[in-house]
> 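Please find one structure pasted underneath; my questions will follow.
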2 protein chains.
Amino acid sequence: MAETAREEVLKQSLIFSSLNDRELAELTRFTIERHFKPEEFIFWEGDTADYFYIIIEGRIKVIKYSSSGKGFIIAFFGVGEMFGEVAVFEDKSYPASAQTVVDTRILGIKKEHFLSFLGNHPPVALSIISVLGGRLRDAQSRLKDMVGERVEQRLARTMLMLASKMGPTLPFTRQELADMSGTTTESAIRVTSRLKERGIIKTVRGKITILDETKLTLLSEGPPLI
Amino acid sequence: MAETAREEVLKQSLIFSSLNDRELAELTRFTIERHFKPEEFIFWEGDTADYFYIIIEGRIKVIKYSSSGKGFIIAFFGVGEMFGEVAVFEDKSYPASAQTVVDTRILGIKKEHFLSFLGNHPPVALSIISVLGGRLRDAQSRLKDMVGERVEQRLARTMLMLASKMGPTLPFTRQELADMSGTTTESAIRVTSRLKERGIIKTVRGKITILDETKLTLLSEGPPLI
DNA sequence: CGCCTATTTGAAAACCGTCAAAGTATGTGG
DNA sequence: CCACATACTTTGACGGTTTTCAAATAGGCG
């Protein structure tokens with residue numbers, strides 16, 4: 001029962017969709033399941049990277065802390081997505097910390113097991129390349145967005161990026177939005193307030209809904225809202 | 001002769017080191033060679049991504065332009081390194097532009113050829129995963145560095161990152177350094193002038209040499225130079 | 001020697017972060 | 001069901017950092 005559930009999740013995740021039932025069963029044997037409460041840390045930056053993970057249920061965020069202690073949210077991941085993979089493929093410690101957002105169940109696969117499995121299943125390796133390529137593209141795109149732009153534009157771009165992945169309603173607090181955009185909570189609030197007045201977004205506690213994506217896009221590349 | 005040279009370069013590049021001579025010869029048949037003068041563009045952001053490239057000789061930079069026209073240098077690549085790969089593995093257009101720095105020769109491999117070759121050579125796929133993983137790690141690390149830090153720290157980190165890849169002497173102008181750090185030429189000059197006064201770096205026109213890496217590291221994570 | 005590019009410097013203004021204080025949902029325990 | 005605790009949101013004022021604009025100097029190459 002639990003096993004079946006695991007296989008179901010693996011099958012539906014992007015990177016393992018090419019596997020048949022026998023191969024999935026083989027892979028499943030290598031997995032261990034772990035459960036976390038909200039806000040718990042799965043691993044910390046610098047920890048030895050033994051496992052690579054797939055989310056069965058819940059949502060996690062990947063964070064890097066600067067020397068001043070301020071956190072920067074690199075990414076959010078949901079069901080079927082992998083995380084902790086960069087370290088595993090490079091034989092280094094985790095380059096960032098992973099923290100749950102809600103109750104979360106994950107599947108872990110030991111590094112060695114996964115690497116040998118990969119060597120025997122080229123389609124999976126190609127999927128991983130594709131996923132890593134997409135993430136690299138995202139990271140580089142954000143890199144460009146985060147420098148040399150005003151806070152208003154950075155926030156607009158972060159919201160648009162999130163909306164393209166999860167729809168117009170974004171389940172984030174202003175603080176999380178700020179941490180994803182490299183700014184402060186107060187600045188995020190000031191900007192979103194202005195956007196709300198203009199009818200470009202709608203906000204509820206802990207949620208932001210984009211009403212006018214066109215205007216938001218204009219704003220993200222154009223002059224500031226006066 | 002030319003063929004042999006190509007195979008030599010491929011053999012020495014990180015991602016193809018696992019191949020034997022027969023496989024290298026097979027791969028070489030798929031390659032075309034192109035030559036560029038300094039400052040020429042190999043491809044532009046948005047171009048259809050048909051080819052993936054390896055550098056035989058010279059150096060290139062990968063740039064993304066923001067809406068205001070300001071360029072941000074994502075990376076520099078040298079002999080044996082690949083570029084243009086993200087787009088190829090994702091079936092999209094190039095996400096950034098590639099421009100030569102000096103006279104440069106490159107090998108191009110058609111997307112379809114390369115993908116099918118990859119499917120038949122798992123070790124190469126694993127190498128690519130490793131390279132992409134490293135680049136992803138770098139990009140995410142820079143992402144953290146670029147936000148929430150002062151310009152002085154951003155510049156220090158950029159210089160240290162470059163030095164770790166190419167030694168203490170960095171062949172870049174202040175403007176390039178600024179473009180890599182998300183700041184302006186003037187700010188880069190003001191900061192490097194202070195560093196020069198302190199004996200931490202030495203500068204010549206178009207070049208910066210790091211003299212005291214320890215102090216620079218301290219500066220990159222600590223308080224500002226007063 | 002002259003041109004082009006890189007480097008330098010100064011002053012003013014814009015932008016954003018910090019600090020402080022208060023208002024407002026959400027949930028919990030009594 | 002109410003009171004209270006907690007976290008999220010809001011607003012204002014101030015100060016520091018960085019950009020912008022303008023102008024001048026200097027190094028390298030033909």
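We name chains A, B, ... by the order of the sequence lines, and we start the count at 1 in each one.
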> Could you tell me if the ring centre of A:Phe114 sits under 6.0 Å from that of A:Tyr51?
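Between A:Tyr51 and A:Phe114, which both carry aromatic rings, the centre distance is not below 6.0 Å.
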> What is the distance, to the nearest angstrom, from the CD atom on A:Glu197 to the C1' atom on D:dT11?
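In whole Å, D:dT11 C1' and A:Glu197 CD are 12 Å from each other.
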> Could you check whether B:Thr185 gets within reach of a base, just the sugar-phosphate, or nothing at all, counting any heavy atom under 4.0 Å?
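No contact.
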> Round to a whole Å and report the spacing from CD of B:Gln175 to P of D:dT19.
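Nearest whole value for this atom pair: 14 Å.
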> Expressed as a whole number of angstroms, how long is the span from B:Lys196:NZ to D:dA26:C1'?
11 Å
> For nucleotides 18-22 of chain C, which of its nitrogen or oxygen atoms have a protein nitrogen or oxygen under 3.5 Å away, and what is each distance?
unit_1 : atom_1 : unit_2   : atom_2 : d
C:dT18 : O4     : A:Arg190 : NH2    : 3.0
C:dC19 : N4     : A:Glu186 : OE2    : 3.3

> On a heavy-atom basis, which atom in B:Arg135 and which in B:Met82 lie closest, and how many Å separate them?
NH2-O, 2.9 Å
> Do B:Phe72 and B:Ile63 come within less than 4.5 Å of each other through their side chains, counting heavy atoms only?
no
> Could you work out how much the helix from C:dC1-D:dG30 to C:dG30-D:dC1 bends, comparing the axis of its first five pairs with that of its last five, to 10°?
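Computed angle between terminal axes is 40°.
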> With sequence neighbours left out, write down each residue that passes ring pair (Phe, Tyr, Trp, His ring centres under 6.0 Å) with B:Tyr53, or none if nothing qualifies.
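B:Tyr53: ring pair (Phe, Tyr, Trp, His ring centres under 6.0 Å) contacts with B:Phe83.
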> Select base, sugar-phosphate, or nothing to describe what B:Lys207 touches, counting heavy atoms under 4.0 Å on all strands.
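B:Lys207: no heavy atom of the nucleic acid under 4.0 Å.
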> Rounded off to whole Å, could you give me the CZ-to-C1' distance for the B:Arg150 and C:dC15 pair?
17 Å
> Using a cut-off of 4.0 Å on non-hydrogen atoms, how would the nucleic acid contact of B:Arg205 be classed: base, sugar-phosphate, or nothing?
base
> I need the single residue from B:Phe43, B:Trp44, B:Phe41 that forms a ring pair (Phe, Tyr, Trp, His ring centres under 6.0 Å) with B:Tyr94. Which is it?
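Among the candidates, only B:Phe43 passes.
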